[in-house]
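Keep in mind that the numbers below use all heavy atoms, side chains included, and drop hydrogens, waters and symmetry copies. Here the structure is a predicted model, which is why all the values come from computation and not from measurement.
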Amino acid sequence: MSCTFTARLCLGLTLSLWIPVLTGSLPKPILRVQPDSVVSRWTKVTFLCEETIGANEYRLYKDGKLYKTVTKNKQKPANKAEFSFSNVDLSNAGQYECSYSTQYKSSGYSDLLELVVTDYWTPSLSAQASPVVTSGGYVTLQCESSQSYHRFILTVEGPQNLIWRQDSQYNYSTRKYHALFSVGPVTPNQRWICRCYSYDRNRPYVWSPPSESVELLVSGNLQKPTIKAEPSSVITSERAMTIWCQGNLDAEVYFLHNEKSQKTESTQTLQQPGNKGKFFIPSVTQQHAGQYRCYCYSSAGWSEPSDTLELVVTGIYEHYELRLSALPSTVVTAGGNMTLHCASHSHYDKFILMKEDKKFTNSLDTVYISSSRQYQALFIIGPTTPTHTGTFRCYGYYKNAPQLWSVPSDLQQILISGLSKKPSLLTHQGHILDPGMTLTLQCFSDINYDRFALHKVGGADIMQHSSQQTDTGFSMANFTLGYVSSSTGGQYRCYGAHNLSSEWSASSDPVDVLILIPGQLPITPSLLVKPNHTVHSGETVSLLCWSMDPVETFILSKEGSAQQPLRLKSKSHDQQSQAEFSMSAVTSHLSGTYRCYGAQDSSFYLLSSASSPVELTVSGTIESSTWSPKRPIPPIPTENQDHTTENLIRMGMAVVVLIVLSILATEAWRSHRQTHPAAGN
């Protein structure tokens with residue numbers, strides 16, 4: 001009897017332990033999905049059904065119907081089950097829930113979980129007007145697709161997990177379906193990353209792929225970053241460039257926005273020390289042109305926008321080249337005025353002038369000149385200062401695309417000369433050269449200039465060389481112009497400058513370089529001397545250069561003379577062209593061999609063939625003359641020279657002078673003695 005009581009007692013205790021389970025409800029499970037509830041086709045998806053009791057069996061339901069069953073694996077005691085799909089398809093999209101059961105009872109269903117599978121056409125998302133919005137403001141986003149979807153969905157990433165749904169509307173002008181979403185109020189303490197989807201009403205869990213994200217830029221209150229472009233904000237098409245945005249040290253991400261674009265660009269690759277964002281453009285195109293601002297975001301919120309950076313892309317229009325010229329010359333004295341003339345045969349709306357790749361002036365409207373059939377603009381600069389020295393270019397553009405510029409004009413170098421002492425310029429090869437000869441011009445000064453510049457008057461180029469210091473205290477530079485050709489002829493001047501100053505010296509005296517080109521003028525002038533080839537010192541002599549062919553100018557040159565040739569306009573006499581070079585009070589220094597040449601004003605420095613040489617001999621004492629015998633400053637020696645020979649010559653000449661004076665004194669004494677006795681008689 002005691003055994004029966006004991007058995008009944010044990011059974012009663014055992015049953016009392018299970019009564020709550022049999023009579024109460026089981027906790028509902030939790031259903032999760034990995035990697036996300038919105039996935040693309042052929043993605044692996046895993047559902048996790050989790051509970052806390054310790055179930056024997058788990059069931060997964062789709063759209064209210066049993067879909068899969070999993071029996072608990074005793075080797076895995078965890079209170080959850082996995083339902084895996086290796087490659088989801090459109091048929092897997094829908095609403096899911098799960099339940100579990102123990103040995104004696106089943107649980108209720110988990111909350112519904114929607115699995116969205118994306119496919120088909122991708123819509124586009126853009127901000128109406130601009131993605132930039134002030135704190136507390138609203139912005140309108142447009143989701144658009146060329147496919148006929150019934151609805152559009154807009155999502156915003158973040159802890160709030162915001163989502164909007166709108167019916168689609170057909171736009172007859174664009175022939176696309178779209179929906180407009182008003183997003184806001186926007187707060188400055190979070191990021192606003194938006195995407196949109198589209199779907200058909202009869203398949204609500206089959207969505208299109210997501211659009212590209214649009215991140216709203218919130219104009220906050222933190223200190224604004226700085227923005228700059230390298231190598232320049234004026235960049236040639238297809239070149240690489242970098243835009244830098246620099247803000248606070250705690251910035252997490254930087255954003256770059258082109259104000260004509262409805263999208264944003266961001267970077268999370270921060271440059272050391274951590275307060276720079278780098279936006280690298282490997283090949284600049286027309287689409288990159290525009291006005292940019294940058295923003296930064298940190299845990300404290302959004303910054304103010306940076307100042308505006310205008311990015312100009314050049315080399316866009318190539319149909320007609322631009323030409324830039326300087327009037328009256330590429331070399332101007334400080335304080336004077338200068339005009340830079342930009343012209344093109346193409347109809348640009350505006351021209352703009354750049355100095356060393358930076359905007360130098362505001363743009364000017366072009367003016368059409370009917371006589372030259374070209375468009376032009378005149379940039380008037382003055383009074384000039386040494387800071388105007390440099391290289392200039394001009395560009396053309398159209399009003400409707402102010403950041404897209406043409407190919408540039410050729411470089412125009414400008415030199416502003418000052419008032420410091422002028423250097424000297426000379427040529428060792430003479431002033432009249434034959435083609436093929438090598439020409440070197442030497443610029444030198446007793447001022448220690450660090451550099452020299454050589455300019456051909458009327459030309460566009462300015463050559464610069466560093467100076468060399470000589471043992472005699474001079475600074476100098478040699479300008480080798482290479483082999484002489486017709487383009488070498490002209491008038492040259494040189495200038496000196498110090499490295500720490502942009503100011504150049506006054507101009508040297510000009511040096512004319514004349515080029516003798518056989519056949520340039522199909523004439524050979526004649527030269528004769530009046531009254532005779534041999535004259536006495538102090539007399540007047542004329543050298544007459546003449547030709548039976550028309551000649552506009554005659555040039556008279558003396559062989560071996562460092563002085564520049566004489567030049568006279570011709571006159572017509574007895575059906576011939578002639579010019580008479582008259583020299584009064586001649587001296588022996590004018591003795592020598594002379595030739596004359598012909599030239600036309602249109603090619604001022606190109607000469608005809610030379611006349612036959614004419615010898616002039618001047619006898620008698622040395623007196624003044626109209627043709628100065630002075631030579632230019634001799635070439636500066638580059639090495640130490642031995643002056644012993646010169647000193648010996650000077651000493652010898654002094655001895656000769658002393659001997660002559662002694663002889664003259666003796667003769668005078670003898671003459672005095674002879675005349676004195678005669679007076680006594």
Side-chain angles (χ1 to χ4, degrees), residues 125-141 156-162 182-195 212-235 240-282 284 287-313 356-359 362 402-403:
L125 182 64
S126 60
Q128 296 286 83
S130 172
V132 178
V133 59
T134 57
S135 177
Y138 287 78
V139 63
T140 299
L141 300 180
V156 177
E157 294 182 9
Q160 295 177 322
N161 196 24
L162 300 175
S182 180
V183 179
V186 175
T187 57
N189 57 351
Q190 72 174 69
R191 293 177 62 181
W192 293 76
I193 304 174
C194 306
R195 292 182 175 86
E212 291 185 3
S213 65
V214 169
E215 182 148 10
L216 304 183
L217 303 180
V218 185
S219 181
N221 298 319
L222 300 183
Q223 182 180 0
K224 68 180 179 181
T226 59
I227 186 171
K228 69 175 183 177
E230 290 181 352
S232 173
S233 59
V234 178
I235 191 76
M241 72 167 300
T242 301
I243 297 178
W244 293 94
C245 186
Q246 184 170 357
N248 297 322
L249 286 173
D250 59 350
E252 299 174 7
V253 59
Y254 286 89
F255 299 88
L256 184 67
H257 178 234
N258 186 341
E259 293 185 356
K260 72 178 184 181
S261 173
Q262 297 174 335
K263 296 184 179 180
T264 59
E265 186 176 347
S266 66
T267 176
Q268 301 209 9
T269 306
L270 304 183
Q271 306 297 305
Q272 295 300 325
N275 63 338
K276 282 185 179 181
K278 179 180 180 181
F279 299 88
F280 177 68
I281 305 175
V284 173
Q287 285 70 31
H288 292 109
Q291 293 184 322
Y292 287 82
R293 291 177 182 263
C294 74
Y295 302 74
C296 60
Y297 175 81
S298 68
S299 57
W302 286 84
S303 72
E304 293 183 68
S306 69
D307 293 333
T308 300
L309 170 73
E310 185 176 37
L311 178 60
V312 173
V313 181
E356 272 90 41
D357 293 331
K358 294 182 179 179
K359 289 183 180 179
N362 294 326
Q403 287 92 33

Check the pair V234 / D357 against side chain to side chain contact (heavy atoms under 4.5 Å, CB included), numbers first and verdict last.
-> CA-CA 7 Å; V234 178; D357 293 331; 5.9 Å; no
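- Crowding of Q223 atom CD: a count of heavy atoms from other residues, nucleotides or ligands under 6.0 Å not exceeding 12.
- The nearest pair of heavy atoms linking P225 to S303 is CD-OG, 3.6 Å.
- With hydrogens and angles disregarded, no donor-acceptor distance shorter than 3.5 Å links the side chain of T308 to the backbone of Q291.
- A salt bridge does not link E252 to R191: none of the charged nitrogens lies less than 4.0 Å from a carboxylate oxygen.
- In this structure, the separation between NZ on K278 and OH on Y254 is 14.5 Å, given to the nearest 0.5 Å.
- Of all heavy-atom pairs between Y295 and V218, the closest is CD2-O, 4.3 Å.
- Scored by the disulfide (SG to SG under 2.5 Å) test, C194 finds no partners at all (sequence neighbours excluded).
- Within the 4.5 Å cutoff, the side chain of S261 has no heavy atoms near those of the Q287 side chain.
- Under the 3.5 Å distance criterion, the side-chain polar atoms of D307 are left unmatched by any main-chain donor or acceptor of I227.
- For the pair S213 and I193, the tightest heavy-atom approach, listed with the atom from each and the gap, is CB-CG2, 3.9 Å.
- Side-chain contact between L217 and R293: absent, with no pair of heavy atoms (C-beta onward) separated by less than 4.5 Å.
- With ring centers used as reference points, F255 lies under 6.0 Å from W302.
- When all heavy atoms of L309 and A229 are compared, the closest pair comes out as CD2-CB, 4.0 Å.
- Rounded to the nearest 0.5 angstrom, L256 CG and I243 CD1 are separated by 5.0 Å.
- Sparse packing is recorded around CG of N221, with 12 or fewer heavy atoms of other residues, nucleotides or ligands lying under 6.0 Å away.
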Could you walk me through whether C296 and C245 pass the disulfide bond (SG atoms under 2.5 Å apart) test, one step at a time?
-> CA-CA 8 Å; C296 60; C245 186; over 6 Å; no
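- Side chain of W244 to backbone of T226: no donor-acceptor contact under 3.5 angstrom is found.
- Scanning all heavy atoms of the two residues, the minimum distance from S298 to A251 falls at CB-CA, 4.0 Å.
- S266 and V253 make their closest contact through CB-CG2, 4.2 Å (heavy atoms, listed as atom of the first residue, atom of the second, distance).
- Taking CD1 of I235 as the reference point, atom CD1 of I281 lies at 9.0 Å (rounded to 0.5 Å).
- Distance check, rounded to the nearest 0.5 Å: CD of Q246 to OG of S306 gives 12.0 Å.
- More than 12 heavy-atom neighbours from other residues, nucleotides or ligands sit within 6.0 angstrom of CD on Q128.
- Here CD of Q403 is found 8.0 Å from CG of N258. Values are rounded to the nearest 0.5 Å.
- Atom CZ of F280 and atom CE of M241 lie 10.0 Å apart (nearest 0.5 Å).
- Considering K260, K359, K228 in turn, K359 is the only one that fulfils the salt bridge (Lys or Arg N to Asp or Glu O under 4.0 Å) rule with E310.
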